[in-house]
There are 2 protein chains.
Amino acid sequence: MLKYILLGFLNYQPMTGYDLKRSIDNSTGHFWHAYHSQIYTTLRKMEQDGLVTSVIDDNDEKLERRIYEITEQGQSELKQWLGKSLTQLPPSKDSLLVRLFFSGLRSPQEVLNELKFQRQLHQQQLETYQQIEPEADPQSELEGSSIDFDREAKFWRMTLEFGLAYEKMYLNWLDETIARIESL
Amino acid sequence: MLKYILLGFLNYQPMTGYDLKRSIDNSTGHFWHAYHSQIYTTLRKMEQDGLVTSVIDDNDEKLERRIYEITEQGQSELKQWLGKSLTQLPPSKDSLLVRLFFSGLRSPQEVLNELKFQRQLHQQQLETYQQIEPEADPQSELEGSSIDFDREAKFWRMTLEFGLAYEKMYLNWLDETIARIESL
DNA sequence: GGCGGCATGTAAACAGTTACATGATTCC
DNA sequence: GGAATCATGTAACTGTTTACATGCCGCC
């Protein structure tokens, strides 16, 4: 999966591993997290497979900043992946729900503490998403590009809407669940 | 993670790998999926680590059905895990959102087809959850057990409520997103 | 000079997925 | 007899996470 995320971003413009890490953290990372260690190793592998090429940045002679660029083969692989629609539900994994499922073994107070802490985190996450709203086009500086970033931004916005809906739903459910446990 | 799910179920009663597979598919699998291959190998590893013990079922001489039972060490490890509350948001991974994020490369019709198909799947999933509602206690036959299954069932119900809220949110978002793309 | 953030990487461990394999039982 | 489902497992691979490691730059 990470492979396609990297191809997706490199299809916008050439970037270093670190640039990719930041791009992911600010956008797709909200629904597909990646560690820098995985990004660097995956980029190396993709270069071996001919999906990207890399050059060392000349501007900066001290730091070995490697700039990656997507190849035609990379573009074609990205398009091919997008062409094959999902035919199943993406499996969801939520360790909090696993913990809650087996919470008969814990004291109600312990469960409440955990849920209330999660509530804070989800509240923060919601606020993070709400602050992304105004600026929907972080790539707007790319004037000469062949990419229509207005069109791209519509899809980015849709994933943001998902994040907002998800956090609101999560907060609602946490509030109801907390209330239910408190009344036990 | 799977380790703790297996411990959680074995804490209710001794079971075979296949029993565990079915229990997971019907409950925690909705928020933490596991393949049978992983279940069997993890059980073997847990036995080596002293978290469970196993015996071959005598009733069935043809089939080598191995019945696993949780040990005291296993119980203590399960409780210890539950004791350490999550301090971060569980990372979510949703490949549909990744695909949508980069859907500027696709035709609107392709995107719509994928979203509409996902809509069907989520509708089915919602109905699945709605049918679980009436029977909240699949373990009710265990009369002599030391586990208070009424108390357990309250937590199971909470995770089910999450599933219902999640699917409703997802369907809503899909409907809005589909409408937005159709009006482009 | 020390601290924090920038920037890049490797190694080892762990988790999860896919494919292969086998044999029993049940139903048609 | 054949197909589907029950039931158990191994092997190879891929993906993900944690830990280790290094050095630069700017700020106080």
Side-chain angles (χ1 to χ4, degrees), chain A residues 1-7 14-26 28-29 31-49 51-52 54-68 77 81 86-95 98, chain B residues 1-7 15-26 28-29 31-49 51-52 54-57 59-68 77 81 86-95 98:
Chain A
M1 182 76 256
L2 179 60
K3 180 168 90 171
Y4 300 108
I5 296 173
L6 298 174
L7 287 175
M15 285 170 136
T16 67
Y18 198 77
D19 294 335
L20 284 160
K21 168 73 175 140
R22 274 185 311 164
S23 293
I24 290 169
D25 284 349
N26 294 325
T28 55
F31 37 88
W32 202 282
H33 181 265
Y35 291 95
H36 76 270
S37 56
Q38 203 192 348
I39 292 171
Y40 289 115
T41 48
T42 304
L43 283 168
R44 286 292 169 98
K45 176 134 198 318
M46 287 163 70
E47 188 167 21
Q48 280 169 36
D49 296 345
L51 306 177
V52 297
S54 75
V55 286
I56 305 279
D57 188 0
D58 291 329
N59 300 344
D60 207 329
E61 272 166 52
K62 295 278 168 59
L63 252 75
E64 295 236 328
R65 293 165 50 87
R66 192 173 286 274
I67 302 171
Y68 286 91
E77 188 146 336
W81 174 68
L86 291 181
T87 54
Q88 289 177 16
L89 291 182
S92 44
K93 301 218 154 180
D94 189 326
S95 46
V98 175
Chain B
M1 184 74 253
L2 178 61
K3 180 168 88 171
Y4 300 108
I5 296 173
L6 298 173
L7 287 174
M15 285 169 136
T16 67
Y18 198 79
D19 294 335
L20 284 160
K21 168 73 175 142
R22 272 185 311 161
S23 294
I24 290 171
D25 285 348
N26 294 324
T28 55
F31 38 89
W32 203 284
H33 180 264
Y35 291 94
H36 76 270
S37 56
Q38 202 192 350
I39 292 171
Y40 288 115
T41 50
T42 304
L43 283 168
R44 285 292 170 98
K45 176 134 199 317
M46 288 163 70
E47 187 166 21
Q48 280 169 35
D49 296 346
L51 306 177
V52 297
S54 75
V55 285
I56 305 278
D57 188 0
N59 299 345
D60 207 330
E61 272 164 52
K62 295 278 169 59
L63 252 75
E64 295 236 328
R65 294 166 50 88
R66 191 174 286 273
I67 302 171
Y68 286 92
E77 188 146 337
W81 173 70
L86 290 182
T87 54
Q88 290 177 15
L89 291 182
S92 43
K93 303 218 154 181
D94 188 327
S95 46
V98 176

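Residue numbers start from 1 in every chain, and the chains themselves are labelled A, B, ... in the order their sequence lines are given, proteins ahead of strands.
- Residues that satisfy the side-chain hydrogen bond (donor to acceptor under 3.5 Å, both in side chains) test with B/D19, not counting sequence neighbours, are B/T16, B/R22.
- The interatomic distance linking B/I56 (CD1) with D/dT8 (C1') rounds to 10 Å, in whole Å.
- Partners of B/S54 by side-chain hydrogen bond (donor to acceptor under 3.5 Å, both in side chains), not counting sequence neighbours, listed by chain and number: B/E47, B/R66.
- Residue A/Q88 contributes atom CD, which lies 11 Å from atom P of C/dT17 at whole-angstrom precision.
- One atom, CD1 of A/I67, and another, C1' of C/dT8, lie 14 Å apart when rounded to the nearest Å.
- Here A/Y18 reaches the OP1 or OP2 of C/dC6: one of its side-chain N or O atoms lies under 4.0 Å away.
- In this structure, CG of A/L43 is placed 13 Å from C1' of C/dA7, rounded to the nearest angstrom.
- Between the CG atom of B/L20 and the P atom of D/dA7 there is a distance of 13 Å, given to the nearest Å.
- Evaluation of the side-chain hydrogen bond (donor to acceptor under 3.5 Å, both in side chains) rule for A/K93 yields no partner, not counting sequence neighbours.
- Atom CD1 of B/I39 and atom P of C/dT17 are 11 Å apart (whole Å).
- Legend: residues meeting side chain to side chain contact (heavy atoms under 4.5 Å, CB included) with B/P91, ordered by chain and number and at least two apart, are absent.
- By the side chain to side chain contact (heavy atoms under 4.5 Å, CB included) test, B/S92 pairs with no residue at all, sequence neighbours left out.
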Could you run through nucleotides 10-22 of chain D and give me one letter per nucleotide, 5' to 3': B if any protein heavy atom sits under 4.0 Å from the base, S if only the sugar-phosphate is that close, - if neither?
B----SSBBB---
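- Between B/K21 atom NZ and D/dT5 atom P there is a gap of 15 Å when expressed in whole angstrom units.
- With rounding to whole Å, B/D19 atom CG is found 12 Å from D/dC6 atom P.
- OP1 or OP2 of C/dA7 has not a single side-chain nitrogen or oxygen of A/R66 nearer than 4.0 Å.
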Run the side chain to side chain contact (heavy atoms under 4.5 Å, CB included) check on A/I5 and A/W32 step by step: do they pass?
CA-CA 9 Å; A/I5 296 173; A/W32 202 282; 3.7 Å; yes
